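Numbered from 1 within each chain, the chains take letters A, B, ... in sequence-line order. Being a predicted model, the structure only gives us computed values, none of them experimental. Computed over heavy atoms, backbone and side chain alike; hydrogens, waters and symmetry mates excluded.
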Protein chains: 2
Amino acid sequence: MNAVDKIIDKAEQICLNRGTRLTAKRKQVLAGLIESNKALSAYELIDFCESHYGDTFSAMSVYRILEFLEEEGLAHRLNIANKYVACAHINCGHTHETPQFLICRECSKVREIRITPDAISNLKDNASDAGFMLVTPQFEMSCICKDCAPQQPNL
Amino acid sequence: MNAVDKIIDKAEQICLNRGTRLTAKRKQVLAGLIESNKALSAYELIDFCESHYGDTFSAMSVYRILEFLEEEGLAHRLNIANKYVACAHINCGHTHETPQFLICRECSKVREIRITPDAISNLKDNASDAGFMLVTPQFEMSCICKDCAPQQPNL
DNA sequence: ACGCGATATGTTATGTTATAACATTACGAG
DNA sequence: CTCGTAATGTTATAACATAACATATCGCGT
Ligand SMILES: [Zn+2]
Ligand SMILES: [Zn+2]
Ligand SMILES: [Zn+2]
Ligand SMILES: [Zn+2]
C-alpha cells in the first residue's frame, strides 16, 4: 500500500468517525489533490483527474466534492490563489490547529505549517485594537519556493 | 474643498511626481473607492460610479484603471475578497510600509494598519525555515467589524 | 427482499470575476 | 502641426463559482 493510499485510507476512517462517507468520486478528487503535490484550481483538478485516472468530472461535481472535503478538514481552499490543496496533516495524529499556508506564486507548491499561539494572539490583539475581530480560519502568504527562487529576477 | 477632494488632489501630485497622469476617469474611479468607504469588486465599483456620478465604465476600463491605481500605490487589491480598496494612507506623509488589511467579511469595511517590523521578520523567518521566501506585499485577514459583530450568531 | 427517506451525483443554465485583442481617441514633445 | 505614446473604447472570451432541478445510490426499518 503506497503513501497516497494510506492517506486516503486514513481519510476514510476520519469520515466514518464523523458519520460521513468518502465515496469513490470523493476519493478520486482527494487523490488528485494529494498526487498533484500542489494547489490546483477546480478546473485544473478536473484535468488532472481526467488525465491521470481517466475519470471525468463536471465543474459542479468537483466544487461540491471540494466543499465536502473542506468541511471534513481533508482539503483547504486557498483564497489568495483561488486554488485548493489537500490537507498536509491527514495522516499525522495531532489535532489540526490554525494553519498557515506558504504558497509558491510560481509553481503553486504549498507548505502547511502551524502558526504559534503567540503569533495568533498577537494578530488578534492588533485586530482588536483596530476594532475588528479576527475570524479567519487560516493564514495565507504568497512566497517563492526554493525550487523557483533561482529563476527569479531581482531577488 | 472636502476631504475626498483633498485626497484626490494629493493623489494627483503623487502621480505628477512619478511622471504618470491621474486622468478624469482615473479620478472618478479612485473617488468611488474612497467615497464608498469599503472594498468593492470591480463590478460593484462600476455600479457605484454609475449611480453616484452618472459616469459609466466598461469592466475593461475599470480593471485597467484599478491596475494603474495599484501600481501608483493609490489602491490595493484584496486577494482574499476579490475586491479593491483605496489606500488609507494617500494623504498622510509617512512612507507606505507592508500593510495589513483587516477585512470585514460581512460588510467589506477595511482597516489598513501597519504591521510591526518584528512581526514581519518573524513571519519571514518561519517561512524561510520551511524553505519558502516570503514575497507577499501585504497581509490580509478576514474579520468581523464592530458594527457587524452584534448580528453574528455564536460569537 | 422491499420501500422509503436521505445523501450523492448528473445535467443544464447562469452568475461573477478577469483578461485578450484590436480599434480609436487624446495628449504632449519636438 | 505631426507623430509617437498613452489612454480609452469595444467586442469577445477565459476562468472561477453557484443555482436549480432531475436522477441515482445508499442504508435503514420492516
Ligand atoms: Zn490542514
Ligand atoms: Zn515554486
Ligand atoms: Zn495603502
Ligand atoms: Zn462589518
Item to complete: Select one nucleotide: of C:dG10, D:dG9, C:dA18, the one nearest the side-chain heavy atoms of B:K25.
Response: D:dG9

Worksheet item: Can you tell which of D:dC16, C:dC27, C:dT9 lies closest to the side chain of A:R26?
Response: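 Closest nucleotide among those given: C:dT9.
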
Worksheet item: Which heavy atom in B:V110 sits nearest to a heavy atom in A:F132, and how many Å separate them?
Response: C-CZ, 4.2 Å

Discussion item. If you compare all heavy atoms of A:A11 against all heavy atoms of A:L30, which two are closest, and at what distance to 0.1 Å?
Written reply: CB-CD2, 3.7 Å

Between [atom2] of [N] and [atom1] of [X], the distance in whole Å:
| X | N | atom1 | atom2 | result |
| --- | --- | --- | --- | --- |
| B:D47 | C:dT16 | CG | C1' | 12 Å |
| A:L40 | D:dA17 | CG | P | 13 Å |
| B:Y84 | C:dT16 | OH | C1' | 12 Å |
| B:E44 | C:dG15 | CD | P | 16 Å |
| B:L45 | C:dA18 | CG | P | 12 Å |
| B:Y63 | D:dT11 | OH | C1' | 17 Å |
| A:F68 | C:dT9 | CZ | C1' | 13 Å |
| A:R64 | C:dT12 | CZ | P | 13 Å |

Practice prompt. First locate atom OG of A:S108, then atom CD of A:E44, and finally report the distance between them rounded to the nearest 0.5 Å.
Written response: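 Reported to 0.5 Å precision, the distance equals 6.5 Å.
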
Practice prompt. Tell me which of B:K83 and B:R21 sits closer to the 5' end of DNA chain C, going by the nucleotide each one is nearest to.
Written response: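 This one resolves to B:K83.
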
Item to complete: Step through the shown structure and confirm whether more than 12 heavy atoms of other residues, nucleotides or ligands are within 6.0 Å of NZ on A:K10.
Response: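 Yes.
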
Discussion item. Please classify the nucleic acid contact of A:S58 as base, sugar-phosphate, or nothing, using heavy-atom distances under 4.0 Å.
Written reply: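 A:S58: base contact, heavy atoms under 4.0 Å.
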
Worksheet item: Between B:N82 and B:T20, which has a closest nucleotide on DNA chain D that is more 5'?
Response: B:T20

Discussion item. Counting only side-chain nitrogens and oxygens, does A:S61 get under 4.0 Å of the OP1 or OP2 atom of C:dT9?
Written reply: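 It does not, given that no N or O in the side chain of A:S61 lies less than 4.0 Å from OP1 or OP2 of C:dT9.
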
Worksheet item: Does a nitrogen or oxygen in the side chain of A:R77 sit under 4.0 Å from OP1 or OP2 of D:dA17?
Response: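 Checking D:dA17 against A:R77, a side-chain N or O does come within under 4.0 Å of OP1 or OP2.
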
Worksheet item: Under a 4.0 Å N-O cut-off, is there an ion pair linking B:R26 with B:E72?
Response: no

Discussion item. With hydrogens left out and only the distance checked, is there a donor-acceptor pair under 3.5 Å joining B:Y43's side chain and the base of C:dA18?
Written reply: yes

